[in-house]
Amino acid sequence: MTGKSQLADLSGVGRTTVHAVFKDDGPLPSEHTVAALATALSLPVGQLLQLRRAAAEASRTPSGTEPAPGTPRQLPRQAAQFVGRTKDLALISATGSCVLHGTAGVGKTALAVHFGHQQAARFPDGQLYADLRGFAPGAPADAADVLRGLLLALGVPESAVPPDESARAAAYRSAVAGRRILVVLDNVRDSAQARPLLPGAAESMAVLTSRHRLDSLAAREGLPHIGLDLLPPADARDLLAHRLGAERTGVEPAAVDALVEACARLPLALCLVAARASAEPGTSLTHTAAELQDARSRLDHLALGEDDTDLRAVFSWSTRALSAPAARLFRLSAVNRGPDLTAAAAASIAGQAVPATRTLLRQLVSSGLLEEHAPGRYRSHDLLRVYAAELLAEEGEETCRNARRRLLDHFLHTGLAANRSHARFRQGITPAPPTPGAVVEAVDGLAEANAWFARERPNLVAAVADAAAHGLDTYSWQLPWVLTTHLYRYGHWEDLTSVQKTAGEAAARAGDPAAQARACRDLGRVAVRLGRYGEARDHHTQALTLCTASGDLAGQAHSHNALSLVLERLGDPEESAAHARRAVELYAAEGNEAWRAAALSRLGIALTAADNHRAALACCLEALEILVDLDDRYYQAHVLATLGVIQHRLGAYDEAVARFQDAVELWRAFENRFEEASALHRLGDAHHAGGHAPAARRAWSAALALLNDLAHADAAAVRAKLAPDSGCAAPGGGSLADGC
């Protein structure tokens, strides 16, 4: 019997209680800890302190032969095919005690358990594990019950376990003090549940897992949180290969990629798919991937019959923990078909104020149902979006329809405000007032407008398709109108083609010829930019027919102006000039001076193509005068570029250079990269024709960089001029007319 145990026999306190305080196999607690523990256990403080001092003296003598209590090794079995998470493992190791948080099924428990097994040598005094059942069927684990289990695992006899939670927490901290122990607290519901279970000793380490961030622990205990993301694509593929065998996955790589995408790179979903595929070795992975493509039944295929292997059930445990308003917002968020949403968009969906919505969004982020992937921008992975869409049916058809209309009005009316900075003199549209509850953001100035469109473009494109899918035809053509200027200026030709096709079809269904003609003209503009002039002529001719039939004079003028451009590109300058003249007449009849100036500029280009340069110059100078009076700098840039072309044709190269430089500066200010590239291209031509080869190469190089960035076909022509053997590399190597 050791000195410590002998002291217990000499005391009136009781051997088992004192043995729990003064364990043979660990360092003695401090006198402060002993005093606190004595109070908690209703023991004589002075007597226990005297025993502690005696025990310290006794511990200096060699111990007897009584074995020390067993070291706890409570970690569950680790996954045999643990994959990836190298950076996260290193971060946990460097951080120490921490909270691992993330969405359901992201692999928090697997990571914490793997870390514990990997780092077992760092914790020779044992590893403790407790599942707090924070997100599971039934009630979460009671902290007092968990403490009892931890104390027993640490060798405290059951008779010495205090009766209440606070006393057990004190005894637990004392039992851990001075020992190097890892404590894994899994599936924590909230900070209050976890706080009594944290070891107080610096030598020990606690790793908590939760779907919540447990910010209170960070604030009060300084416990940092580490967010777990979805697996990178390569790790997700490796996980399937480890589970199914590299040979099986290697023969169907496309199917593996499809499975990874359908599972949203969520580890639990990938493991469920792997388990199902393993049970069906005769079924190809291609067939399994095909079954997962339908979002309506995807979660059905990700269920193996028990709650913890049913993704829908696992997700439900997170939503049940939400407040009712947050749960409603999560369901309604499914009306947004774009990749993410802002607080203003979410407030529109919910039909409530933005500050209240931000509170709900924080709750959803804390619960792992949303991720704030950029400041003020929220998203969830595809499987959670599928789950939210399933829950959306609970809201009823009218509620869903109103939420969708509020979101569409948020995009439409905020987009209209941004458009006013884009193109002051563009023919406008007059939508209905926004649905009550829709949030319309203020967009002030061109830079802010450009930034808003750049951020929201994917959401706006998705909103157009969603509006069409739900029969909301007016939104289906008005939203493309809002988007067109931005898509055109930044060269998003595929998006522009897609939304305008949708717009034309929606306008035809709605019986709105003016809207249908707008869509035709915008499709024609895209076709011109892509060099498909025959297609462009067909679109603009259809637009002219529609506008003529409906008596839309402004629409007719726009169509004539557009046809002038197309016919000039098709090599018919006389017809091009005729359409431009008709556009000038119609704009004058409408009293629209800004557009008359644009048509005069177009006429100038047509006349230049017909070698009538002096008349062309007069048209463009008149147009420039009108636009200066109107302070329309955007169309001034168009006219300046046209004047540069005319003066180049007249051999006035220095004047042409000056005009193109002015146009470049204006296009750059408007962030219209395609027009900037076009003006730089022509600037290079003018420099080259004037014998300034270095300046020409600088301008062409700048144009090429922009066109490459836009993936535009015109890049090939510029690249050819920069080639060493092009004949354009030195003065005298050619001119615009020669093809340089």
Side-chain angles (χ1 to χ4, degrees), residues 322-365 369-380 385 388-389 392 395-396 398-422 428-467 470 472 474-476 478-483 485-486:
L322 296 171
S323 67
R328 176 177 177 271
L329 178 59
F330 175 70
R331 294 192 296 271
L332 288 177
S333 68
V335 304
N336 178 42
R337 307 307 298 169
D340 64 1
L341 75 169
T342 61
S348 298
I349 289 170
Q352 62 185 22
V354 173
T357 304
R358 286 199 180 99
T359 300
L360 300 181
L361 289 169
R362 283 194 292 270
Q363 188 180 149
L364 291 172
V365 169
L369 292 167
L370 284 182
E371 171 198 9
E372 190 174 7
H373 69 98
R377 303 197 71 84
Y378 304 88
R379 69 183 180 191
S380 58
R385 291 162 67 90
L392 186 61
E395 292 298 314
E398 183 178 358
T399 299
C400 296
R401 183 173 60 251
N402 290 337
R404 180 169 284 106
R405 285 183 176 275
R406 288 192 298 268
L407 178 63
L408 292 172
D409 276 326
H410 161 72
F411 287 136
L412 176 61
H413 288 273
T414 304
L416 284 169
N419 243 287
R420 284 190 281 273
S421 298
H422 262 303
I429 59 173
T430 308
T435 305
V439 176
V440 181
E441 295 181 276
V443 182
D444 186 18
L446 179 64
E448 191 172 330
N450 285 338
W452 185 84
F453 275 115
R455 291 191 302 266
E456 298 300 334
R457 175 174 64 88
N459 291 317
L460 290 163
V461 171
V464 171
D466 189 56
H470 287 86
L472 300 172
T474 301
Y475 290 106
S476 300
Q478 288 182 342
L479 279 169
W481 186 94
V482 164
L483 257 173
T485 299
H486 174 78

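For the numbers below, each heavy atom of this structure counts, side chains included, while hydrogens, waters and symmetry mates do not.
Closest of all the heavy-atom pairs between Ala449 and Ala418 is CB-O, 3.4 Å. Arg455 and Pro458 make their closest contact through O-CD, 3.7 Å (heavy atoms, listed as atom of the first residue, atom of the second, distance). Shown here for Val335 and Cys400, the closest heavy-atom pair between the two residues is CG1-O, 4.2 Å. Heavy-atom minimum distance, Leu416 versus Pro431: CD1-CG, 3.3 Å. Nearest approach of Ala326 to Leu364, heavy atoms of both residues: O-CD2, 3.7 Å. The nearest pair of heavy atoms linking His413 to Pro433 is NE2-C, 4.0 Å.
At least one side-chain heavy atom of Leu483 sits under 4.5 Å from a side-chain heavy atom of Val461. By the 4.5 Å heavy-atom criterion applied to side chains, Phe453 and Thr485 are not counted as neighbours. Side chains of Leu460 and Leu479 form a contact here, defined as non-hydrogen atoms less than 4.5 Å apart. In this structure the side chain of Leu408 never reaches within 4.5 angstrom of the side chain of His470, judged on heavy atoms. Side-chain atoms of Arg406 and Asp409, non-hydrogen and from C-beta on, never get closer than 4.5 Å to each other. Inter-residue side-chain proximity for Arg404 and Leu472 is flagged as met; some heavy-atom pair is nearer than 4.5 Å. Residues Thr414 and Val482 fail the side-chain proximity criterion, which asks for heavy atoms closer than 4.5 Å. Two residues are said to be in side-chain contact when any heavy atoms from C-beta on lie closer than 4.5 Å; Thr342 and Glu456 meet this criterion.
Here the straight-line distance linking atom OG1 of Thr474 with atom CZ of Arg405 works out to 8.0 Å at 0.5 Å rounding. Rounding to the nearest 0.5 angstrom, the gap separating the CZ atom in Arg337 from the CZ atom in Arg385 is 6.0 Å. A distance of 4.5 Å separates CG of Asn419 from CH2 of Trp481, quoted to the nearest 0.5 Å. Expressed to the nearest 0.5 Å, how far OH of Tyr378 lies from CD of Glu371 amounts to 11.5 Å.
Within the 3.5 Å criterion, the main-chain N or O of Leu412 finds no donor-acceptor partner in the side chain of Gln478. Asn336 places a side-chain N or O within donor-acceptor distance of the main-chain N or O of Asp340, the cut-off being under 3.5 Å.
Among residues two or more places apart in sequence or in another chain, the side-chain hydrogen bond (donor to acceptor under 3.5 Å, both in side chains) test is passed with Thr359 by Arg362.
Taking the six-membered ring where the residue is Trp, Trp452 and His410 present perpendicular rings, their angle passing 60° and hence far from 30°.
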Show me the side-chain donor-acceptor pairs of residues 345-352 shorter than 3.5 Å, one per line, residues at least two apart or across chains.
residue, atom, partner, partner atom, Å
Ser348, OG, Ala344, O, 3.0
Ser348, OG, Val439, N, 2.8
Gln352, NE2, Thr357, OG1, 3.1

